[in-house]
Structure formats: C-alpha cells, structure tokens
Engineer: 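The structure that follows is given in the form of structure tokens.
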Amino acid sequence: MTIWVFGDQLNRSIGALATADPNRDQILMVLSETKLASRPWHRQRAHLLLASIHRFAEELRAEGFDVDLRRAPTLERGARDHLAETGADELVVTEPNSFDGHRLAERLGARIVASDQFLCHYSEFAVWAEGRRQLKLEDFYRWQRRRLGYLMDGDEPVGDRWNYDHDNRQRAPRDLMWQTPPTDALDDLDHEIIAHIDQYAPHCWGAPPDGTWATTRRGALERLAFFVEHVLPGFGPHEDAMVERSWHLAHSLLSPYLNLGLLLPGEACDAVEAAHRSGAVPIASAEGFIRQIIGWREYVWGIYWREMPEYRDLNHLGAHRPLPPVLADTAPTKMNCVTHAVTAVHDHAYAHHIQRLMVIGNLALLAGVDPAELNDWMWSGFIDGAEWVMLPNVIGMSQFADGGLMATKPYAAGGNYIDKMSDYCGSCAYQRSQRTGDDACPFTTLYWDFIARHADRFERNPRMARQVSASRRLNDLEAVRERAVQVLELLDRGEL
Ligand code: FAD
Ligand code: SF4
C-alpha cells in the first residue's frame, strides 16, 4: 500500500506513518506546481517548505522506505499518476489539515486514518462546542487543561490561578534585550533550492533564507530546547510588547515547526511544564505559553473545522478596499509601527502576534481592506501560514469578518494603544494623539472614523457602546472624518 504524506504532516509518529513499515509500505509525497505558483510566496516560506519536504523524504529513505517524491501539476494529478504507475492496491492518508485536502482524499477513495497531530481532535471540539451559546476561549482552555493535565495540581491549577494574562501585558523596559535566535549554516541542498526557487515559486519575494528557520525535526527540537532554556523565562510579561530593536522579543518562533509537523504540540508543552516544575521558569511564562498552544492554537483548529467552508468568504463589515501598496508592494510609509512590522515580514517572513493583530491587522480593519485579500497576503508572506490557522485569526479575530464568533468586539485601536505597548511612536513622523491635520496619527484618525462608520452596528454591542457614544460626543468628528478621507486616499496611493 501507499501512504501519502502531505507537506504539513512531516512527522514519523503521527497518523498513518506511526505504524508504517518499510518492508510493506511505500511513501508518496507530491510537490504541486499549481500550488507553488498560485501565490507570491515569501522566499523563506517557499524554501522552508521545499527543504523540509526533501529532508523528510531523505530521512524516510534512510529508514528503508521507498519514497516517491514527485513534482506534478496538481496534488491530485501526482497521486493519480503514482497509483497508475505503481499499481498500489491501497492509498492511505492521515487526515489532511485542510478542508480541500480532506475532500481530495475522499475523491481519490483513500483510506483516511485519524490524525493525532493536534491534542484535541476537531470531532472532540465539536462535542465540547455543542449546545454552547458562546464558544469562549477561556472555557475551552480550562477544559483542555483539566483533560490534558498541564499545570494542574489534582483538580486545581498550579499556583491557584488559571490565567496570568493580566500580568503579561507589560511594556518592555528600555534596556531589556532578548537572545538572538540560533541559525544553521545553509548546506548544498539549501543552496540548490535557493538557486532554483523561481522555478518552483515563480513570483516569490522577500529576503533570502539565512538559516533562521530549521528544516528538520532535529533542528526544530533544537529550537524548542533553545527557547525553553534561554527565552521562555521572559516569555510572559512582554507577550504584547513591540520594540524597534527586536523583531522577535521573547516569542518562541516555533509556529512553522508546529504547523508542518516537525514539532508536536504535546512535546512543546511537556518541555515547558518540566522547565517550570524544575524551578527554571516562572508560572506566568509557562502558563502563558501553554495557553497559546492548548488554548488558542487548538481552539482555532476546532473553529476552522466547525465553520468551513463558509468561513473563507465571510465579510461581516462589508470591507472591499484593495490591499494597500504598503502591504501589496512593501511601499515605504511614514507610519513607524507599520514600517517595523512590514520590514520584519520582508526580512524574516515573520511578525509577532501583536504586530499581526494590532498593527497590520488593525490598519486593514480600520481602513476597510477586503479580509480575503489581507488573508492571502499574510498566507503568502508568513513563515507559518496555513488555512486552518489563518481563517480564524485573520478573517475572525483580526478583521471581525465573522461578525463576532472569534472576538466579542473588533480589535480596533488608535495610536494611543500602539504607543502604550511599543516604543514606535516617539520617533514617528505622525503624532499619536492627534486626529486631524497632516501630522495626525493615521490609526487615531481612522479609529474614530471606523467607529462612526459602523456606529449603528456597534451601538448594540455592550463592549463597543461606550466608544460609539464617545465618538458621537467628539466636537471635531466632522473634521476627523474629512481627514480620514484624505488618509485613505494617501493609503491607496502608497503615500501615507
Ligand atoms: P509565540 O508568541 O511564541 O506563541 C507560541 C505558540 O502559540 C505559537 O507558535 C503558536 O503555535 C501558538 N499560538 C499563539 N497564538 C495563536 C493563535 N492566535 N492562533 C494559533 N496559534 C497560536 N499563526 C500561525 O501559526 N500561522 C499564521 O499564519 C498566523 N497568522 C496570524 C494572523 C493574524 C492576523 C493573527 C492575529 C494571528 C496569526 N497567527 C498565526 C497566530 C499567532 O500570531 C502566531 O501563531 C504567532 O505569532 C507565531 O509566532 P511564535 O511561534 O513566535 O508565537
Ligand atoms: Fe504608528 Fe501612529 Fe504611533 Fe506613528 S504615531 S508609530 S503611525 S501609532
């Protein structure tokens, strides 16, 4: 029989591969030319994918497997050609991580083996969600903690608190520095892929790979060990902070490995819990990290499967502005916060969570950018892009395009929030508190314009009603809205 391994299932111990036998089973891996050419991938993203797939195929070959790693016009064509050429009696797949992948496996008549790549199978999430009026992350997270036993003393949370989020919203002190992420030297395979990357992914952009992103399981485990030892102790307090001098702060940079299967969520949480129990890591940092993994990550996984396929096309706020040049073409901007976020994406195919949500996402939300266009841009630009994680985060959390399923209110904020959490505003050409005039912070102007634009919709939302009445009391609202028109024109022309 043939076991077909998708490019985001690169782990020997999950699903169908867990029981695979080199004496019995053949392995199929397909590089889809259509998928690689379908969007303008970031170079580092394209390299990560291609190098990880090639190296995983090599590891399986070293174990004795016959691996058919083939390029094909589409995934389907590749699988059908393989079956025709080898005469394999059965095609087996581990449940694919995307809705379309699942449909494809069904269409091909493959035997689908349950996946244990996540800690909560989406069928378990569906049972948890059944009959609840609201799918609150905190409820799900506590359910997961109890079920999985992370940071628990019997039935109670370690430290007697479930959540240290409140302690983890500090601004970063001026003199604090973070460990530089490890890098690996690029080898012959890397150079070969980089030299021919345009043949695989014809429209790629961004800085070339520099060894930051590991492309093997061993490399991913080394990154996890580095994070736990050197970075995790400071993970908690400055989770929401943004600074000019660091693109990563105390973030783990583990998402690409988790999303490709090179790392499993359970082993990341086990390592973090062990570090806390040994006394090396404060509870706020350990809890903060474990909440991201067993809470947020698994929650968006469950939401994706529950809401697909309709979720892709949601646009609750009727936002139709095309992606502005500052994102589409990395056009220069005087907005210092945006410059730092977009430069991080260009240089590393990465921006950390608050840059994604409160800078890039916030700008798109306030400006009324089409959520699907923003989603596509992030998908092709981020090292960790995948449909299941992007739709709930981008369409739901960041753009409020699902009308409040993921977030009870839009993540909209003016310059004051960005100033509170960052050191960007001091050296910016714009004035964060000003909402009218040429020097006004575009976020502040657009924030009030956004609230006024959607006042009828948001006045019924208990978490937004106060902002709506504050906007109605602004004595310069007319001038703010006139300035907003200018700001949007400048944004559209790439001149903001
Ligand atoms: P850390 O800050 O170190 O967090 C640890 C881990 O927690 C992450 O590696 C990730 O696996 C998990 N995690 C934390 N928050 C989330 C979340 N909201 N959803 C899912 N997992 C989470 N994540 C992706 O994996 N791919 C994406 O393409 C992606 N796009 C995003 C777009 C927007 C607009 C927003 C708001 C969030 C997005 N996220 C995405 C979620 C989150 O921002 C990233 O997982 C995180 O920034 C990855 O960096 P890290 O590994 O250094 O994370
Ligand atoms: Fe960003 Fe406004 Fe601050 Fe400038 S002033 S960095 S545009 S929030």
Side-chain angles (χ1 to χ4, degrees), residues 45 137 181 223-224 227 231-232 235-236 238-240 242 244 247-260 263 265 268-269 272 288-301 303-304 333-341 348-365 371 374-375 377-399 406-407 411 413-435 439-447 487 496:
R45 167 75 181 161
L137 179 271
R223 297 297 194 277
L224 171 64
F227 168 67
V231 184
L232 177 64
F235 176 82
H238 311 119
E239 254 180 275
D240 288 2
M242 298 177 278
E244 288 187 338
W247 61 273
H248 48 78
L249 290 91
H251 293 281
S252 68
L253 314 184
L254 294 176
S255 49
Y257 318 126
L258 289 162
N259 294 358
L260 294 185
L263 207 60
C269 293
V272 168
F289 182 83
I290 286 177
R291 175 157 31 89
Q292 305 303 318
I293 303 285
I294 70 168
W296 277 112
R297 186 169 188 273
E298 302 267 330
Y299 176 78
V300 304
W301 169 247
I303 293 278
Y304 171 78
T333 171
K334 287 185 285 177
M335 293 180 283
N336 197 30
C337 52
V338 178
T339 299
H340 279 277
H348 308 286
Y350 176 91
H352 59 74
H353 185 69
I354 295 300
Q355 288 177 315
R356 295 182 197 203
L357 186 63
M358 300 312 294
V359 177
I360 302 174
N362 187 19
L363 179 68
L365 172 71
L374 179 70
N375 191 64
W377 181 80
M378 290 186 162
W379 195 346
S380 43
F382 288 167
I383 196 77
D384 50 15
E387 188 180 55
W388 65 264
V389 65
M390 310 217 60
L391 291 184
N393 274 298
V394 184
I395 302 289
M397 192 191 310
S398 155
Q399 300 303 295
M406 281 287 294
Y411 279 92
N416 281 341
Y417 171 84
I418 293 176
D419 185 46
K420 195 171 100 194
M421 295 316 301
S422 79
D423 60 3
Y424 294 149
C425 298
S427 47
C428 184
Y430 295 111
Q431 303 298 317
R432 61 161 172 87
S433 309
Q434 223 168 293
R435 48 182 183 254
D439 293 340
C441 166
F443 283 86
T444 303
T445 307
L446 291 179
Y447 172 76
V487 167
L496 194 59

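One-based numbering, in listed order, for ligands and for the atoms of each. Side-chain atoms are counted along with the backbone in the values below, which use heavy atoms only and exclude waters and symmetry mates.
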Engineer: Check the orientation of Phe289 and Phe227. Use parallel for under 30°, tilted for 30 to 60°, and perpendicular for over 60°.
Structural biologist: tilted

Engineer: Got a second to check how far Ser422's OG is from Tyr417's OH, nearest 0.5 Å?
Structural biologist: 9.5 Å

Engineer: Side-chain contact, heavy-atom cut-off 4.5 Å: Arg435 with Tyr447?
Structural biologist: no

Engineer: Tell me, which residues have any heavy atom less than 4.0 Å from some atom of ligand 1?
Structural biologist: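 The 4.0 Å shell around ligand 1 contains Phe235, His251, Ser252, Leu253, Leu254, Ser255, Leu258, Asn259, Phe289, Gln292, Ile293, Trp296, Arg297, Val300, Tyr350, His353, Arg356, Leu357, Met378, Phe382, Asp384, Gly385, Val389, Met390, Asn393, Val394, Met397, Ser398.
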
Engineer: Regarding Arg356 and the six-membered ring of Tyr350, is the cationic atom NZ or CZ under 6.0 Å from the ring centre and inside 45° of its axis?
Structural biologist: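 Relative to the ring axis of Tyr350, which defines the angle, Arg356 lies inside both limits.
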
Engineer: Give, for atom CE of Met390 and atom CG of Asp384, the distance between the pair rounded to the nearest 0.5 Å.
Structural biologist: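 Met390 CE to Asp384 CG: 7.0 Å, rounded to 0.5 Å.
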
Engineer: Give the intermediate values and the outcome of side chain to side chain donor-acceptor pair (under 3.5 Å) for residues Asn375 and Gln399.
Structural biologist: CA-CA 10 Å; Asn375 191 64; Gln399 300 303 295; over 6 Å; no

Engineer: Look at the aromatic rings of His251 and Phe235 and report parallel, tilted or perpendicular, splitting at 30° and 60°.
Structural biologist: perpendicular

Engineer: Around atom 2 (Fe) of ligand 2, how many protein N, O or S atoms are there at under 2.8 Å?
Structural biologist: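 Under the 2.8 Å cut-off, the count stands at 1.
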
Engineer: Using 0.5 Å steps for rounding, measure from the CD1 atom of Ile395 to the OH atom of Tyr304.
Structural biologist: 12.0 Å

Engineer: Which of parallel (below 30°), tilted (30 to 60°) and perpendicular (above 60°) describes Trp377 and Phe382?
Structural biologist: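 The arrangement is perpendicular - the two ring planes meet at more than 60°.
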
